[in-house]
Every structure is written in structure tokens, then in C-alpha cells.
Amino acid sequence: VGPALLMATVRGYLRGLCRQYPAPGELLGCLNNILCGEIADDRFITLALALLDRRTGAMEITVAGHLPSLIIRTDATVEEYPAGALPLGIMPNQQFIAQSTTLRPGDLLVLFTDGIIECFGAARIEPGMETFRRLLTQWRGATPAEIVKRIQTRLVELSGGTVSPHDDQTLLIIRRPAPPGWRQEP
């Protein structure tokens with residue numbers, strides 16, 4: 001099974017299981033047990049799952065073998081939510097512990113794949129993660145779409161005009177809406 005088909009399968013399982021297992025840790029535990037019995041020994045899934053209450057900002061994050069999820073606060077502090085377990089499909093009966101936090105108005109939740117960090121590294125910007133974090137805090141006042149575009153532009157610049165990923169490059173940035181009239185300077 002190729003990576004795209006495997007991810008489509010995982011997405012289908014997630015959608016089906018989320019009604020039975022509303023807690024992120026329990027959901028990933030069940031999904032992991034299913035995948036351990038269905039995928040080849042040389043395959044696994046890294047995944048970050050965030051459950052956000054849009055009304056209150058309460059959020060639970062569970063990370064399975066994935067790079068840390070980041071929260072960029074409006075005051076430029078960065079909170080990291082690292083993996084608490086192995087990737088999915090490696091070992092059955094793992095415990096996946098959800099980490100709780102609150103996404104406050106104006107804060108950014110940043111989910112990304114290692115392809116983004118590897119591009120900074122390939123451009124000899126070391127360490128790639130620190131550069132990525134610095135740019136996110138520098139541009140935190142921009143819209144999520146603007147930040148994604150700026151990161152993409154920066155990767156093209158650093159690569160000399162061509163970004164040749166050795167891995168996928170996925171970047172998702174979500175901002176919790178702020179009260180009317182709020183504006184963070186870019």
C-alpha cells in the first residue's frame with residue numbers, strides 16, 4: 001500500500017472512530033491497534049491530532065511520533081507539544097496521552113511535516129527548526145494564509161529558486177479569532 005492510500009485509509013478510520021472515541025488519546029489508541037493489524041511491518045504513520053473547542057479555546061493535542069505541534073502566542077512565546085508515543089502502526093496497546101492547553105484569541109496553532117524543516121536544513125540554515133520558529137514568531141501578526149505564503153517564498157529563496165523536497169511539505173496554521181478591533185502588528 002502506497003503512502004497516499006495509507007493516509008486516505010487513516011483519514012477514513014479517523015472520521016469513523018471520532019464519534020465513538022471523542023477523547024484524542026483514546027481515539028489514537030484504537031486507531032493504532034487497528035493499524036497494527038492491517039499495515040505492513042515497514043509502514044507507520046506519524047500524526048498530530050488537535051481537538052479545539054472554538055467557543056472557549058480549550059484544546060487537547062495528542063502527537064504520535066510526529067514533529068511537535070507549536071502554539072505561537074500573541075506575545076511571541078512559543079509552546080511546543082512533542083510526541084508522547086511512537087508512530088501509529090508500530091506497537092499495539094500504546095497509550096496516547098493528550099496534552100491540554102488553551103488557544104487564546106490571536107494565538108496560532110502550527111502543524112507541519114518534517115519536509116518543511118528539512119528544506120531549511122537543505123538550504124544550510126541550521127538548525128531548521130529554530131529558523132522556522134523564528135520566522136513564525138516574526139510573522140505572527142500576519143494572517144495564516146500570508147504566513148504560509150511567506151514560508152513558501154522563503155523556502156524557494158533559500159533553495160536558489162527551486163524547492164526540491166525529499167519529503168512532503170505540509171503546513172497548516174490556524175488562528176483563534178480575536179475580538180473585534182484586535183490587530184497584532186505584522
Side-chain angles (χ1 to χ4, degrees), residues 7 10-11 14-15 17-19 21-25 27-28 31 45-85 96-121 123 125 127-159 163 165 167-186:
M7 285 310 301
V10 168
R11 183 175 179 211
L14 280 171
R15 286 178 167 231
L17 293 171
C18 68
R19 288 185 176 88
Y21 301 93
L27 176 85
L28 288 188
L31 178 60
I45 301 288
T46 67
L47 186 120
L49 179 65
L51 179 63
L52 173 65
D53 181 328
R54 294 186 300 176
R55 188 179 49 80
T56 66
M59 185 167 54
E60 290 184 63
I61 301 173
T62 307
V63 183
H66 200 69
L67 289 173
S69 301
L70 302 176
I71 293 180
I72 312 299
R73 301 286 184 191
T74 58
D75 66 0
T77 58
V78 179
E79 294 177 11
E80 209 171 272
Y81 295 85
F96 295 87
I97 307 298
Q99 301 170 74
S100 298
T101 189
T102 300
L103 197 62
R104 298 185 291 259
D107 289 345
L108 298 170
L109 170 63
V110 182
L111 305 171
F112 54 97
T113 59
D114 57 351
I116 299 288
I117 303 307
E118 289 169 2
C119 276
F120 284 116
I125 304 295
M129 184 66 162
E130 289 306 312
T131 300
F132 184 57
R133 288 170 61 133
R134 182 180 50 77
L135 292 175
L136 290 168
T137 57
Q138 178 183 332
W139 296 332
R140 71 189 181 281
T143 67
E146 289 169 340
I147 297 169
V148 169
K149 186 172 183 165
R150 289 177 186 181
I151 293 289
Q152 290 170 331
T153 300
R154 189 58 172 258
L155 290 174
V156 169
E157 290 169 357
L158 292 171
S159 69
V163 174
D167 201 350
D168 66 296
Q169 296 175 356
T170 303
L171 175 58
L172 174 66
I173 301 176
I174 299 167
R175 180 185 310 277
R176 179 159 181 235
W182 180 89
R183 175 74 176 144
Q184 174 78 33
E185 292 300 317

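Index from 1, following the sequence.
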**Q** Please check this pair: side chain of Arg176 against backbone of Arg55, looking for a donor-acceptor N/O pair closer than 3.5 Å.
**A** yes
**Q** Are any of the side-chain heavy atoms of Leu135 and Arg154 separated by less than 4.5 Å?
**A** yes
**Q** Any sub-3.5 Å donor-acceptor pair from His66's side-chain atoms to Leu49's backbone N or O?
**A** no
**Q** How far does CZ of Arg133 sit from CD1 of Ile117, to the nearest 0.5 angstrom?
**A** 10.0 Å
**Q** Show your reasoning for whether side-chain contact (heavy atoms from CB on, under 4.5 Å) applies to Leu27 and Phe96.
**A** CA-CA 9 Å; Leu27 176 85; Phe96 295 87; over 6 Å; no
**Q** Could you pull out the closest heavy-atom pair between Pro22 and Leu51, with the gap in Å?
**A** O-CD2, 3.5 Å
**Q** Looking only at heavy atoms, what is the nearest atom pair of Thr102 and Asp107, with distance?
**A** O-OD2, 4.3 Å
**Q** So, does Arg175 use its side chain to make a donor-acceptor pair with the main chain of Ala142 at under 3.5 Å?
**A** yes
**Q** Side-chain contact, heavy-atom cut-off 4.5 Å: Leu14 with Leu31?
**A** yes
**Q** Sub-3.5 Å donor-acceptor pair from the side chain of Thr113 to the main-chain atoms of Thr170, do we have one?
**A** yes
**Q** Please report the interatomic distance CE(Met59) to CZ(Arg54), rounded to the nearest 0.5 Å.
**A** 14.0 Å
**Q** To the closest 0.5 Å, what do you measure between CG (Leu108) and CD1 (Ile71)?
**A** 9.5 Å
**Q** I'd like to check Ser69 versus Gln99 (side-chain heavy atoms, cut-off strictly below 4.5 Å). Are they in contact?
**A** no
**Q** Would a distance-only check, ignoring hydrogens and angles, find a side-chain to backbone donor-acceptor pair under 3.5 Å from Glu79 to Arg73?
**A** no
**Q** Under a 3.5 Å distance rule, please check whether Arg140 uses its side chain to pair with a backbone N or O of Thr74 as donor and acceptor.
**A** yes
**Q** Specify the closest pair of heavy atoms between Ala76 and Thr137, including all atoms of both residues, with the distance to one decimal.
**A** O-CG2, 3.5 Å
**Q** If you measure from CD on Gln138 to CZ on Arg134, what distance do you get to the nearest 0.5 Å?
**A** 6.0 Å
**Q** Nearest 0.5 Å, please: how far is CG in Leu111 from CG in Leu67?
**A** 11.0 Å
**Q** How many angstroms lie between OG1 in Thr77 and CD1 in Ile72, if you round to the nearest 0.5 Å?
**A** 8.0 Å
**Q** Heavy atoms only: give me the nearest Ala64-Leu28 pair and the separation to one decimal.
**A** CB-CD1, 4.4 Å
**Q** Dump the intermediate steps for side-chain contact (heavy atoms from CB on, under 4.5 Å) on Phe112 and Val148, then the final yes or no.
**A** CA-CA 11 Å; Phe112 54 97; Val148 169; over 6 Å; no
**Q** Just wondering, do Leu70 and Leu109 contact through their side chains at under 4.5 Å, heavy atoms?
**A** no
**Q** Can you find a pair of side-chain heavy atoms, one from Leu47 and one from Val10, that are under 4.5 Å apart?
**A** yes
**Q** What heavy-atom pair brings Tyr81 and Val63 nearest, and what distance separates the two atoms?
**A** O-CG2, 3.5 Å
**Q** Show the nearest heavy-atom pair for residues Pro144 and Ile173, with the distance to one decimal.
**A** CB-O, 3.4 Å
